[in-house]
Amino acid sequence: MTNAYDTDVLIAGAGPVGLTLAMDLAGRGLRVTVIEQRRYAEPPPVKCNHVSSRTMEQFRRLGVAAKLRAAGLPEDYPNDVVFRTRMTGIELTRIPIPCRRDRYTATGGPDTWWPTAEPPHRINQIYLEPILLDHAAALPGVTLRNRTQLLDFTQGAEGVLARLRDLDSGEESTLRAPYLVGCDGGSSTVRKQMGTQLEGTALIQRVQSTHIRAPGLKALLPGKPAWCYYAVNPQRCGTVFAIDGQENWLVHNHLNADEPEFDSVDRDASIRHILGVGPDFAYEVVSKEDWVGRRLVAQDFRKGRVFIAGDAAHLWVPYAGYGMNAGIADALNLSWLLAAHLQGWADEAILDAYQAERQPITEQVSRFVMNHAQQMIKARRAVPGDIEERSEAGQQSRALIGKEAYELNVQQFCCAGLNYGYFYQGSPILADDDEEAPGYTMGGYTPSTVPGCRTPHFWLADGRSLYDALGPGYTLLRFDNRVDAAPLLAAAQARGVPLQVLDLQGEADLPEAYRHALLLCRSDQHVVWRGDALPDEPAELVEMLRGARARPARTLAS
């Protein structure tokens, strides 16, 4: 294999994960080829309904957040989550979430305190993916090859040779690239040919999922509309998501343990129980989106020059919206590492950080999600028979179920902990110090500047988000201008490492977590190093940033 590459990075899969990876790599000046078996702009499945705050922060950096905010549900459509006996039945409780028009300005409620420039956004994948596709296709350096199948690949010391097939003509071709990334979903060809296995819990639950068009449903809904409806009754328990806020809905029918197959349950009857409508109510089945809830994580996220991300690397029940969003976090962790090496300033060993950082997080987050799923399964089994009775006993049952549903689910729909609390440990490009990162829950976290944590957000005096001021590589936040940063800048320049200084002395309203004069962070917002003075040997810190040597001793974190 020669150095005559056809592209810098070959990406298999043009879903949200693959497109985001392509966008970031292209923005860093690399040539990217994305292969996808679907036709160009072929509508995606209606699977994803939520973009997390962390993802929106990165979409802001990539220049696509505003486009996404303008799409999806009508701007004044409430993003609430409501629990009812049936979708058209008696309300049990409600988790208030602002509509997209009020997302930046709303106060009060469990979902409005987010310490970020970009709160979450509720949008179905059928609106999300086309925006990402258009944005990626317009970027210099991105080549999209639709109706193209990855047959197999071989890799050697100098790169990857992929064998491809045009699905329309049947013609085969080859493509050479230094690196291949599989973003090709749960049945990933890349993962299988890597020879790595998924491990964990193969079956948590089955969900009979149906995209329906029901123009008459909205008029039957009592009270304030909602983005998500949970139906809780003795016949069927299910979830309904508003797709367009008008007539398109995604209905999840949660199968019980004694219902082992998707077709073992009457789909139409189940939908009608969940909606709370009779046999005369008309609706159209647009598509069937049945899925199996699992908790599976790949043994390896990388083998040599081949990587996997998203569902190719991990599968779990999509509670808290952390299926696609975890995959995008994979992509944005990997993209800057690949770019750092391909741009020539980082050692190839920097790529070891991808698995060291992302695999433990997917293990951790997937267990949060699995535990929540199991609690929800238990709750569905315990629906009292009198929950729909217009009696005192029925009212008491509804009050109890409503209270329990709110307490259990507010953490997944207002999940600050999953957004901001996770941290990296044991990475070759993080300088540990003597403080442990604080723990977190699905719904809560403690802001921290411990290396590996997300750099706590705050607004600069000039009105910008801190994240808007971060550079494409490393940024040194300097809170005391008396500390001389020149030796570190010189050491970084000597090795070609992109490092800039952001002077923040005198900034008001700093989060309490900022206790050091200096803090070094990456473009993906994670803290790398902190101290009150530069290390005695700044060059050693720079070598760590390049991935070229073992982590500095703890004493480097002055």
With a 4.5 Å limit on heavy-atom distance, are the side chains of V277 and Y283 in contact? no
Could you tell me the separation between the OH atom of Y420 and the OG atom of S448, rounded to the nearest 0.5 Å? 16.0 Å
Kindly assign one of parallel, tilted or perpendicular to the pair H457 and W459, based on the angle between their ring planes and the thresholds 30° and 60°. perpendicular
One pair to check against side-chain contact (heavy atoms from CB on, under 4.5 Å): R60 and D468. What are the steps and the verdict? CA-CA 8 Å; R60 178 187 181 101; D468 293 342; 2.8 Å; yes
Side-chain contact test, heavy atoms from C-beta onward, threshold under 4.5 Å: evaluate it for Y104 versus R69 and give yes or no. yes
Please confirm whether F241 and W227 have ring centers closer than 6.0 angstrom. yes
Quick one: are D24 and L62 in side-chain contact, heavy atoms under 4.5 Å? yes
Applying side-chain contact (heavy atoms from CB on, under 4.5 Å), run through N248 and I126 and close with a yes or a no. CA-CA 11 Å; N248 284 281; I126 64 172; over 6 Å; no
Plane angle bin for F458 and Y514 - parallel if under 30°, tilted between 30 and 60°, otherwise perpendicular: perpendicular
Backbone N/O of T189 and side chain of D184: donor-acceptor pair under 3.5 Å: yes
Walk me through it: do N253 and R236 pass the test side-chain hydrogen bond (donor to acceptor under 3.5 Å, both in side chains)? CA-CA 7 Å; N253 174 32; R236 299 305 312 177; 3.0 Å; yes
Side-chain contact, heavy-atom cut-off 4.5 Å: Q246 with P74? yes
Show your reasoning for whether side-chain contact (heavy atoms from CB on, under 4.5 Å) applies to V64 and I131. CA-CA 8 Å; V64 74; I131 293 172; 3.8 Å; yes
Could you tell me whether the side chain of S53 reaches within less than 4.5 Å of the side chain of P120, counting heavy atoms only? yes
When you check the gap from the basic side-chain N to the acidic O, do D524 and R522 get nearer than 4.0 Å? yes
Is the shortest heavy-atom distance from the side chain of R94 to the side chain of K224 under 4.5 Å? yes
Check for a donor-acceptor pair, side chain of R147 on one end and backbone N or O of R39 on the other, with a separation under 3.5 Å. no
Side chains of Y127 and D244 in contact at under 4.5 Å (non-hydrogen atoms): yes
Any side-chain heavy-atom pair of R86 and E388 under 4.5 Å: yes
Show your working on salt bridge (charged side-chain N to carboxylate O under 4.0 Å, His left out) between K403 and E407 and close with a plain yes or no. CA-CA 6 Å; K403 180 176 182 295; E407 292 175 351; 2.8 Å; yes
Assess whether atom NZ of K288 is packed by more than 12 heavy atoms of other residues, nucleotides or ligands within 6.0 Å. no
Please step through side-chain contact (heavy atoms from CB on, under 4.5 Å) for the pair R103 and I97, ending with a clear verdict. CA-CA 8 Å; R103 184 70 262 195; I97 300 174; 3.8 Å; yes
E57 vs T116, side-chain hydrogen bond (donor to acceptor under 3.5 Å, both in side chains): CA-CA, chis, key distance, verdict: CA-CA 8 Å; E57 288 174 347; T116 178; 2.6 Å; yes
Step by step, work out the side-chain hydrogen bond (donor to acceptor under 3.5 Å, both in side chains) result for R267 and T210. CA-CA 9 Å; R267 187 181 299 263; T210 314; 2.9 Å; yes
Any sub-3.5 Å donor-acceptor pair from T196's side-chain atoms to D300's backbone N or O? yes
Quick one: does Y467's side chain have a donor or acceptor within less than 3.5 Å of a partner on T455's backbone? yes
How are the rings of F301 and Y354 set relative to one another: parallel (under 30°), tilted (30 to 60°) or perpendicular (over 60°)? tilted
I need the E259 CD to H254 NE2 distance, nearest 0.5 Å. 12.0 Å
Exactly one of V251, V81, L221, T239 should register a side chain to side chain contact (heavy atoms under 4.5 Å, CB included) with Y229. Which one does? L221
Backbone N/O of V265 and side chain of Q208: donor-acceptor pair under 3.5 Å: yes
Over 12 foreign heavy atoms within 6.0 Å of CD, E389: yes
